[in-house]
Amino acid sequence: MSLKLKNQENNTLTLALNQDKILKGLNTEQADAVKSLNGPLIIVAGAGSGKTKVITHRIANLLDNGIAPWNILALTFTNKAAKELKHRIATLVGENLSDKIWAGTFHSVFARILRYEAKEIGYDSNFTIYDADDQLAAIRSVMNMEGVSQQHYPPQQIRSFISNAKNQMIDAKEYNSKAINSLDKQVGFVYKHYENYLRQNNAMDFDDLLLNMIYLLGKSQDVLNKYQNKFKYILVDEYQDTNKAQYIVINQLSKAHQNICVVGDDAQSIYKWRGADIRNILDFQKQYPYAKIVRLEQNYRSTKTILEAADSLIKNNKNQIPKTLWTQNKQGDLIEVISCDDEKDEASKIVNNIVKSIGKYRDIRDFAILYRTNAQSLFLENALRFAKLPYVIIGGISFYKRKEVKDALAYIKILVNHYDAESLLRIINEPPRGLGNTSLQHIKEYSKNNNITLYEAFNQADMNSHLQGRAVTAAKKFINLIDKYKTDLENDNIKQTVMNYLDDTGLAEMYKEIGTEEANDRWNNIQQVISDITTFIKENPESTLGDYLQQISLLSDYDEKDTSGNHVTLMTLHSAKGLEYPTVFIAGLEQGLFPLIRGGESDKDDLEEERRLLYVGITRAEEQLYLSYAQRRTKFGETQFAMPSSFLREIDLNTLNWPSLKRMTEKKEQSERQLGINTLNKIANKGYNEYSQVNDDYSYSQVPSQAKAPAPKQESYKVGDIVNHSMFGRGMVTGMKGDGDMKQAIVRFDKFGKKNLMLKFAKLEKIK
DNA sequence: TAAAAAATCGTTTTT
DNA sequence: CGATTTTTTA
């Protein structure tokens with residue numbers, strides 16, 4: 001009796017202590033959200049409103065109220081977010097509890113479940129996950145096998161059609177039944193065969209991880225019950241970016257207990273292009289009429305000026321939940337709008353700004369440079385390198401997307417899942433092993449005719465009458481290699497096996513033979529894969545090679561980069577979501593680039609999403625914000641003139657310091673009067689090279705422009721000469737005219753058509 | 001069959 | 001322009 005009482009006292013005591021810790025430092029709305037544990041709850045969390053704090057404290061509160069951690073499912077947008085979530089919960093309630101929470105991305109959590117339940121849906125548990133590149137390669141293979149012309153139907157386009165269909169949960173059967181025109185029919189045809197191909201390969205693409213999860217839950221009431229009871233409390237972060245399939249899984253899982261909490265901000269929805277459906281968040285209260293709604297509108301991150309700017313911009317969107325962010329922070333500095341000549345000038349102005357304030361009131365890690373497209377990073381990198389500032393680029397070419405790394409991984413994938421024909425084809429001639437296209441074609445046909453896997457067709461090479469003796473030997477040798485290490489893998493330790501295996505593949509020899517620095521780098525990257533595996537096995541002693549593959553296939557570049565070091569951070573606006581920096585630069589605010597307009601057409605919704613993207617960018621800044629644009633920019637090796645982004649004009653002028661605005665307006669009016677903007681552009685494009693030559697010696701304050709390679713002096717050309725031009729590329733000389741300084745060559749370029757070039761300026765190089 | 005040359009394509013943004 | 005894919009040639 002007394003013992004029981006004592007226990008109770010202790011419990012109450014710990015509870016009280018934790019409750020104190022859990023609710024400490026929260027404002028009224030935040031505390032409200034943290035205390036609302038049961039039933040549907042939507043938290044509309046504005047930028048910088050302490051969203052992560054609320055999520056972590058709410059989960060801590062669930063645990064504190066005796067909910068078992070394994071009954072909690074937290075779905076986040078990135079692995080990194082999940083990791084941070086766990087970490088922050090751990091500081092509140094300890095690692096013992098936080099480690100047992102199911103926290104991860106949709107894809108990683110579902111992959112984990114699907115491996116466990118693979119048999120239920122007719123897969124092997126060691127299935128391979130195809131990323132977008134693998135997906136494309138697989139579609140190419142299918143089109144090849146089924147004889148669909150890749151000229152008429154670009155695989156890239158087919159891929160995106162199929163992926164979009166999957167995002168909307170339309171399977172091949174349904175797609176085919178709805179296909180009217182010939183394109184749709186062809187896509188449907190490829191789709192059907194692609195689905196079969198994936199199953200044959202025991203592979204799933206990213207979209208399948210969601211679809212198969214739905215399929216699994218719909219398979220039987222037992223399975224559904226099992227997971228409904230497992231995940232009694234569900235939390236979804238970044239809910240505005242969920243798609244239809246994700247919505248359905250969440251809906252199914254939470255049906256029984258209705259303990260579903262979603263967190264998001266419709267103003268930060270930036271993934272419509274990937275199938276995100278903003279209606280999920282807008283209609284949450286329709287789906288759950290009894291849902292409680294909590295709005296977090298106090299911003300703790302930015303100055304008043306920055307918030308006002310963001311607010312004035314987003315007001316231009318029609319489809320938006322009206323809300324007012326407010327802050328107690330100081331008014332802060334005006335936002336600087338910087339006009340630049342070109343991307344080089346832009347880069348140096350940004351970097352010089354950084355250099356100026358480092359050491360005074362800023363550290364290197366306080367800066368982030370954001371841009372719309374990855375391609376923009378190049379000039380910024382150059383300027384940062386010149387200024388000797390350490391920097392890290394998030395995104396871009398991921399380590400795991402490098403050719404040699406993918407090759408090495410394909411070798412390993414084959415070991416784990418030998419049904420995976422894509423991986424097999426990828427490495428069959430890496431290095432070349434005497435199996436050319438003809439032999440390969442025969443083996444593929446054999447596998448198709450006998451309805452066996454490609455691996456098996458290789459294995460039966462000696463039964464294939466079309467194959468030459470040499471090809472049979474080569475195929476057998478290849479199969480023996482894989483079989484040997486498959487066996488080794490079962491007996492020996494993973495690290496040693498993988499090392500021997502990759503050595504035995506001939507990759508090392510191949511790269512050593514090439515001998516260039518690049519080849520050396522590539523081999524080093526493969527070594528890096530091996531040490532990556534070693535680390536993984538060390539950290540997860542019970543794990544298999546398959547577990548390793550699973551982990552990395554769902555890891556984005558964003559997750560692996562260390563963002564804690566002291567460096568400037570460069571990334572796209574999309575990657576910047578959820579982050580914050582004292583000083584933020586947003587580069588390339590030009591019409592056409594941001595908002596990005598591709599292929600001429602863009603509808604209202606696209607423009608609104610671009611606007612939200614800028615909104616996300618602006619609200620990353622704590623104290624200082626710089627917006628820059630260049631007057632000309634090189635795209636696809638061609639220089640284009642650009643107008644400042646229309647978004648700049650939507651931002652409240654009272655929040656901006658835009659010195660060149662007035663001057664620009666005058667100049668623009670003047671030139672439009674004189675020439676008309678079209679003529680201006682025409683002249684500019686035609687004579688750009690000469691123009692740039694004359695103006696090349698800009699005077700930079702701290703980061704000068706990089707000197708261009710000197711143009712080779714070439715006196716004359718004759719008709720028929722093949723020449724190379726630094727900007728227009730390859731072309732053929734079709735005529736000459738003028739004399740002396742005025743001497744010009746008429747060149748028909750492969751890509752840019754006919755141009756008259758003054759030899760005095762043009763950097764022509766004779767090829768033939 | 002494999003290396004070299006030529007042509008083509010692409011740039012949004014990512015799990 | 002640069003990377004990748006296709007075609008040509010040895």
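Lettering follows sequence order; numbering is per chain, from 1.
- Rounded to an integer number of Å, the gap from CZ of A:Arg426 to P of C:dT4 is 10 Å.
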Please write out each protein N/O paired with an N/O of nucleotides 8-10 of chain C under 3.5 Å, distance rounded to 0.1 Å.
none

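- Ring pair A:His466/A:Tyr446: centre-to-centre distance not below 6.0 Å.
- The backbone N or O of A:Gln246 sits less than 3.5 Å from a side-chain atom of A:Asn243, completing a donor-acceptor pair.
- Considering only side-chain atoms of A:Ser575, the nucleotide from B:dT14, B:dT13, B:dT15 that sits closest is B:dT14.
- Residues forming a ring-ring contact (aromatic ring centres under 6.0 Å, His included) with A:Tyr548 (at least two apart in sequence, or on another chain): A:Phe536.
- Atom CG of A:Leu425 is separated from atom P of C:dT5 by 14 Å (rounded to the nearest Å).
- Between A:Tyr271 and A:Phe77, the two ring planes are tilted [angle within 30° to 60°].
- Residue A:Thr572 places at least one side-chain N or O under 4.0 Å from the OP1 or OP2 atom of B:dT14.
- Rounded to a whole Å, the CG atom of A:Asp407 is 11 Å from the P atom of C:dT4.
- The 12-atom threshold is exceeded at CZ of A:Arg433, counting heavy atoms of other residues, nucleotides or ligands nearer than 6.0 Å.
- Pairing each heavy atom of A:Arg620 with each of A:Lys577, the nearest pair is NH1-C, 4.3 Å.
- When rounded to the nearest whole Å, the span between CG of A:Asn164 and P of B:dT15 equals 18 Å.
- The distance from atom CD of A:Glu238 to atom C1' of B:dT13 is 15 Å, rounded to the nearest whole Å.
- A pairwise comparison of heavy atoms in A:Thr128 and A:Lys413 identifies CG2-CD, 3.7 Å as the closest pair.
- More than 12 heavy-atom neighbours from other residues, nucleotides or ligands sit within 6.0 angstrom of CD on A:Glu146.
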Output a table of nitrogen or oxygen pairs between the protein and nucleotides 1-4 of chain B separated by less than 3.5 Å.
from: B:dT1; atom 1: OP1; to: A:Gly436; atom 2: N; distance (Å): 3.3
from: B:dT1; atom 1: OP1; to: A:Ser439; atom 2: OG; distance (Å): 2.9
from: B:dT1; atom 1: OP2; to: A:Thr438; atom 2: OG1; distance (Å): 2.9
from: B:dA2; atom 1: OP1; to: A:Gly434; atom 2: N; distance (Å): 3.4

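- Rounded to whole Å, atom P of B:dT13 lies 14 Å from atom CD of A:Glu609.
- One side chain, A:Asp205 or A:Tyr194, offers a donor N or O that lies under 3.5 Å from an acceptor on the other.
- Residues satisfying the ring-ring contact (aromatic ring centres under 6.0 Å, His included) test with A:Tyr615, not counting sequence neighbours, are none.
- Atom P of C:dT6 sits at a distance of 16 Å from the matching atom of B:dT11, rounded to the whole Å.
- Among A:Leu573, A:Ile586, A:Leu570, the one residue that satisfies the side-chain contact (heavy atoms from CB on, under 4.5 Å) test with A:Tyr371 is A:Leu570.
- A:Asn374 has a side-chain polar atom (N or O) that falls below the 4.0 Å cut-off from OP1 or OP2 of B:dT13.
- Protein atom CG of A:Asp133 is 13 Å distant from nucleotide atom P of B:dT15, rounded to whole Å.
- Considering every non-hydrogen atom in both A:Ala245 and A:Leu210, the closest pair reads CB-CB, 3.9 Å.
- Side-chain N/O atoms of A:Gln268 and A:Arg612 include no donor and acceptor closer than 3.5 Å.
- For DNA chain B, the neighbouring residues in residues 267-277 of chain A, judged by any heavy atom under 4.0 Å, are A:Tyr271, A:Trp273, A:Arg274.
- Map A:Pro154 and A:Asp207 each onto its nearest nucleotide of DNA chain B; the residue landing nearer the 5' end is A:Pro154.
- At a cut-off of 3.5 Å, with distance as the only test, no side-chain donor of A:Thr76 or A:Asp237 sits close to an acceptor on the other residue.
- Both key distances under 3.5 Å define a Watson-Crick or G-U pair, and stretches of 3 or more such consecutive pairs in DNA chain B run B:1-10 with C:1-10.
- Which of B:dT13, B:dT15, B:dT11 sits closest to the side chain of A:Gln156 comes down to B:dT11.
- Counting heavy atoms of neighbouring residues, nucleotides and ligands inside a 6.0 Å radius, atom CZ of A:Arg470 does not exceed 12 of them.
- A:Ile394 places its CD1 atom 15 Å from the C1' atom of B:dT13, with the value rounded to the nearest Å.
- The side chain of A:His107 approaches B:dT15 more closely than any other nucleotide in the set B:dT15, B:dT11, B:dT14.
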